[in-house]
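Numbers here simply count residues along the sequence, with the first being 1. All heavy atoms count here, side chains included; hydrogens, waters and symmetry mates do not.
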Amino acid sequence: MRKLSLFLGLIMTALLAACSGNIQFEIDDDYTYITLSFDEEAVSETVSRIVTGGVPPLLQDPVVDLRDGEIVVTGTHVTRRGESYPAYLAFTFFVQDDHLSAAVTDFDFGGADVPQERIDRLNERLAESFARGAENRNNPETIITDVTLTSEELSI
């Protein structure tokens, strides 16, 4: 579960650091609005790099699919004992209290039975982690107003 939490945080960090997306600015009398958009290819490359980068990797041969409201990753999970299982992970990003947050919506790693309470705890830790990150940012006046996830792009 700790790997999933780290995984989601790394995805957003990597996307933002790479700045491989489209950046749009809109300025009015009171605010500056910035929209960051990442196409499916940029999101897919980032997610794939992260899920295959660990030791051992979370997934091998990942396939990333953006869908309306979520990102789905399929691949092969290899245990420390060398056993291989098909794996499925779905997650989403959203705005909570003016901050970016994430949640695992579904996953199956080789049929392992994971109680809903454990997934709920993971999502609570993810929310807390994103909130701590928001508190530590350089500009506390920055707020996230919207996250849109479609089959073609992720926009923040």
Side-chain angles (χ1 to χ4, degrees), residues 1-28 30-78 84-110 119 122-156:
M1 298 305 266
R2 186 172 301 249
K3 277 188 177 183
L4 292 177
S5 177
L6 179 62
F7 161 77
L8 294 176
L10 285 172
I11 288 172
M12 286 314 301
T13 302
L15 281 170
L16 295 173
C19 286
S20 59
N22 181 24
I23 301 173
Q24 296 178 338
F25 291 92
E26 184 180 323
I27 300 171
D28 67 18
D30 299 316
Y31 300 100
T32 300
Y33 300 93
I34 302 170
T35 301
L36 304 171
S37 299
F38 306 95
D39 65 20
E40 184 173 25
E41 183 178 350
V43 174
S44 180
E45 287 175 8
T46 300
V47 171
S48 293
R49 189 171 48 250
I50 290 169
V51 299
T52 60
V55 178
L58 182 62
L59 294 177
Q60 293 179 350
D61 304 318
V63 175
V64 180
D65 184 25
L66 269 66
R67 298 182 182 172
D68 291 344
E70 68 181 356
I71 298 172
V72 174
V73 185
T74 57
T76 302
H77 178 67
V78 179
S84 297
Y85 298 101
Y88 172 92
L89 170 68
F91 59 95
T92 191
F93 293 102
F94 56 94
V95 176
Q96 182 176 4
D97 299 326
D98 297 332
H99 304 300
L100 182 65
S101 197
V104 173
T105 55
D106 192 16
F107 76 95
D108 180 359
F109 278 42
I119 296 171
L122 168 66
N123 286 334
E124 287 172 15
R125 286 196 310 266
L126 284 169
E128 291 167 3
S129 177
F130 274 89
R132 274 192 310 276
E135 290 172 7
N136 294 331
R137 65 185 174 210
N138 292 332
N139 186 352
E141 294 179 14
T142 302
I143 61 171
I144 307 292
T145 58
D146 187 43
V147 175
T148 303
L149 188 51
T150 70
S151 61
E152 297 174 359
E153 72 177 8
L154 167 64
S155 294
I156 304 167

Notebook entry, point to check: Which value, rounded to the nearest 0.5 Å, describes the distance between Ser44 atom OG and Ile71 atom CD1?
Noted result: 9.5 Å

Notebook entry, point to check: What heavy-atom pair brings Ser151 and Glu40 nearest, and what distance separates the two atoms?
Noted result: O-OE1, 3.5 Å

Notebook entry, point to check: How many angstroms lie between atom OG1 of Thr150 and atom CD of Glu70, to the nearest 0.5 angstrom?
Noted result: 12.5 Å

Notebook entry, point to check: Between Ala102 and Phe94, what is the shortest heavy-atom contact and its length?
Noted result: C-CE2, 3.7 Å

Next item on the list: Step by step, work out the side chain to side chain contact (heavy atoms under 4.5 Å, CB included) result for Leu154 and Val147.
Entry: CA-CA 7 Å; Leu154 167 64; Val147 175; 3.9 Å; yes

Next item on the list: Output the distance between atom CZ (Phe38) and atom CD1 (Ile156), rounded to the nearest 0.5 Å.
Entry: 5.5 Å

Next item on the list: Kindly assign one of parallel, tilted or perpendicular to the pair Phe91 and Phe93, based on the angle between their ring planes and the thresholds 30° and 60°.
Entry: perpendicular

Check: Can any side-chain N or O of Thr92 pair as donor or acceptor with the backbone N or O of Gly69 at less than 3.5 Å?
Finding: yes

Next item on the list: Determine yes or no for a side-chain-to-main-chain donor-acceptor pair under 3.5 angstrom, with Thr148 supplying the side chain and Ser155 the backbone.
Entry: no

Check: Should Val73 and Phe107 be marked as a side chain to side chain contact (heavy atoms under 4.5 Å, CB included) after you check the CA-CA gap, both sets of side-chain angles, and the distance that decides it?
Finding: CA-CA 9 Å; Val73 185; Phe107 76 95; over 6 Å; no

Using distance only, find each side-chain donor-acceptor pair of residues 58-65 under 3.5 Å and give its atom names and separation, not counting sequence neighbours.
from  : atom 1 : to    : atom 2 : distance (Å)
Asp65 : OD2    : Arg67 : NE     : 2.8
Asp65 : OD2    : Arg67 : NH2    : 3.4

Item checked: Heavy-atom closest pair, residues Tyr88 and Phe109 -> O-CE1, 3.7 Å

Check: What pair of heavy atoms forms the shortest contact from Val95 to Thr145, and how long is it?
Finding: CG2-C, 3.9 Å

Next item on the list: Find the distance between CD (Gln24) and CD1 (Ile34) and round it off to the nearest 0.5 Å.
Entry: 11.5 Å

